[in-house]
Amino acid sequence: EADIYQTPRYLVIGTGKKITLECSQTMGHDKMYWYQQDPGMELHLIHYSYGVNSTEKGDLSSESTVSRIRTEHFPLTLESARPSHTSQYLCASSESGKGERPGLAPHIQYFGAGTRLSVL
Amino acid sequence: KNQVEQSPQSLIILEGKNCTLQCNYTVSPFSNLRWYKQDTGRGPVSLTIMTFSENTKSNGRYTATLDADTKQSSLHITASQLSDSASYICVVSDRGSTLGRLYFGRGTQLTVWP
């Protein structure tokens with residue numbers, strides 16, 4: 001079982017509230033990711049990080065922000081939650097150094113259990 | 001546009017039976033293909049990863065095949081168990097960047113009945 005943890009597991013909040021979704025991993029992975037997943041739909045990458053002080057936007061535009069001050073911690077923040085932010089948010093991490101280059105073993109992404117967010 | 005299409009969308013089988021899930025992709029240039037199992041309310045868990053030089057890989061009762069020429073993959077589950085009930089997600093990685101961008105399918109929802 002992967003050592004990557006997300007809190008809270010479930011969150012119901014009102015519109016306009018500021019929230020932070022926590023993600024921590026104890027595997028020493030440099031690469032971390034945030035995905036958004038709606039029921040029956042594919043995962044969409046919203047943020048990723050190559051390491052400390054590195055953050056990048058993913059493929060799906062998101063009003064959330066992330067920070068990477070420590071290797072093991074990759075929190076996601078919504079300054080003002082709206083009903084359109086209702087979704088499941090999945091955090092993942094993977095090893096670094098090998099990269100996705102031909103002939104080299106690809107990384108496995110390890111996922112947390114997710115945070116299911118409902119904004120009323 | 002790079003895409004990953006999975007079929008069927010959902011499948012119901014009886015415990016002990018075998019089943020095969022399909023994945024077609026248009027991702028190019030291709031790096032590797034992964035199958036994940038996602039239990040309801042949980043994060044995906046990796047089952048297999050195959051590079052372009054591999055055409056079959058097993059993990060217990062799960063066997064994945066890959067045909068890089070036709071851009072098709074299948075996941076075969078043998079002697080299904082109730083715990084196999086989950087969504088099975090096909091994920092394809094390209095070689096376009098160091099990150100190795102991942103393209104996710106929508107998954108096949110498998111239900112195993114006793």
Side-chain angles (χ1 to χ4, degrees), chain A residues 1-6 8-10 21 23 25 30-51 54-60 88-116, chain B residues 1-6 8-10 23 25 27-54 57 59 64 66 68 86-111:
Chain A
E1 186 141 334
D3 294 323
I4 180 165
Y5 309 99
Q6 290 186 243
R9 288 294 315 280
Y10 305 94
L21 308 185
C23 176
Q25 50 93 7
D30 285 331
K31 291 183 179 176
M32 295 189 74
Y33 316 79
W34 275 103
Y35 291 91
Q36 186 173 339
Q37 184 183 30
D38 293 319
M41 302 296 287
E42 63 268 47
L43 279 73
H44 291 285
L45 181 68
I46 52 175
H47 298 283
Y48 61 94
S49 168
Y50 285 120
S54 154
T55 62
E56 302 287 344
K57 293 280 189 182
D59 306 312
L60 182 67
Q88 172 157 276
Y89 293 84
L90 289 162
C91 180
S93 71
S94 66
E95 295 178 338
S96 64
K98 297 173 182 174
E100 295 289 349
R101 297 193 295 276
L104 295 178
H107 306 151
I108 294 175
Q109 282 197 347
Y110 296 90
F111 285 84
T115 293
R116 185 165 294 281
Chain B
K1 177 182 177 183
N2 287 322
Q3 285 188 327
V4 177
E5 301 288 342
Q6 292 187 244
Q9 184 176 349
S10 61
C23 174
Y25 63 92
V27 176
S28 181
F30 172 83
S31 175
N32 60 76
L33 184 144
R34 312 149 187 242
W35 282 95
Y36 281 88
K37 177 187 179 187
Q38 184 176 22
D39 292 315
T40 300
R42 309 290 296 183
V45 175
S46 178
L47 294 175
T48 63
I49 299 180
M50 289 181 292
T51 63
F52 60 89
S53 61
E54 300 172 293
K57 184 164 280 190
N59 178 1
L66 172 65
S87 178
Y88 291 84
I89 303 172
C90 177
V91 185
V92 181
S93 176
D94 69 12
R95 289 190 278 122
S97 68
T98 303
L99 180 65
R101 191 192 184 289
L102 298 181
Y103 298 84
F104 289 80
R106 293 186 177 184
T108 291
Q109 184 64 47
L110 175 66
T111 303

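Below, all heavy atoms of this structure are taken into account, side chains as well, without hydrogens, waters or symmetry copies. Lettering follows sequence order; numbering is per chain, from 1.
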If you round to the nearest 0.5 Å, how far is OH of A/Y110 from OG of B/S46?
->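 It comes to 7.5 Å.
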
From B/S87 atom OG to A/Q37 atom CD, the distance as rounded to the nearest 0.5 Å =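 So the gap between those two atoms works out to 7.5 Å.
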
Chain B contact via A/Q6 - side chain, backbone, both or neither, heavy atoms under 4.5 Å =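 A/Q6 has no heavy atom closer than 4.5 Å to chain B.
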
What part of B/F30 gets closer than 4.5 Å to chain A, counting heavy atoms only: side chain, backbone, both or neither?
->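 Neither; nothing under 4.5 Å.
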
Measure B/Q38 against the heavy atoms of chain A and call it side chain, backbone, both or neither at under 4.5 Å.
->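 For B/Q38, the contact with chain A is made by the side chain alone.
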
Does the side chain of B/L102 come within less than 4.5 Å of A/L43's, by heavy atoms?
->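 In short, these two side chains do not touch, never coming nearer than 4.5 Å.
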
Heavy-atom closest contact ([X] atom, [Y] atom, distance):
| X | Y | result |
| --- | --- | --- |
| A/Q88 | B/R42 | NE2-O, 4.3 Å |
| A/L90 | B/G43 | CD2-CA, 3.8 Å |
| B/F104 | A/E42 | O-CB, 3.5 Å |

When B/S53, B/G41, B/G107 are compared by non-hydrogen pairs under 4.5 Å with chain A, the top option =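 Maximum pair count with chain A is reached by B/G41.
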
Set of residues satisfying side-chain contact (heavy atoms from CB on, under 4.5 Å) with respect to B/E54, sequence neighbours excluded =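 Scan of B/E54 (side-chain contact (heavy atoms from CB on, under 4.5 Å), adjacent residues dropped) gives B/M50, B/T51, B/K57.
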
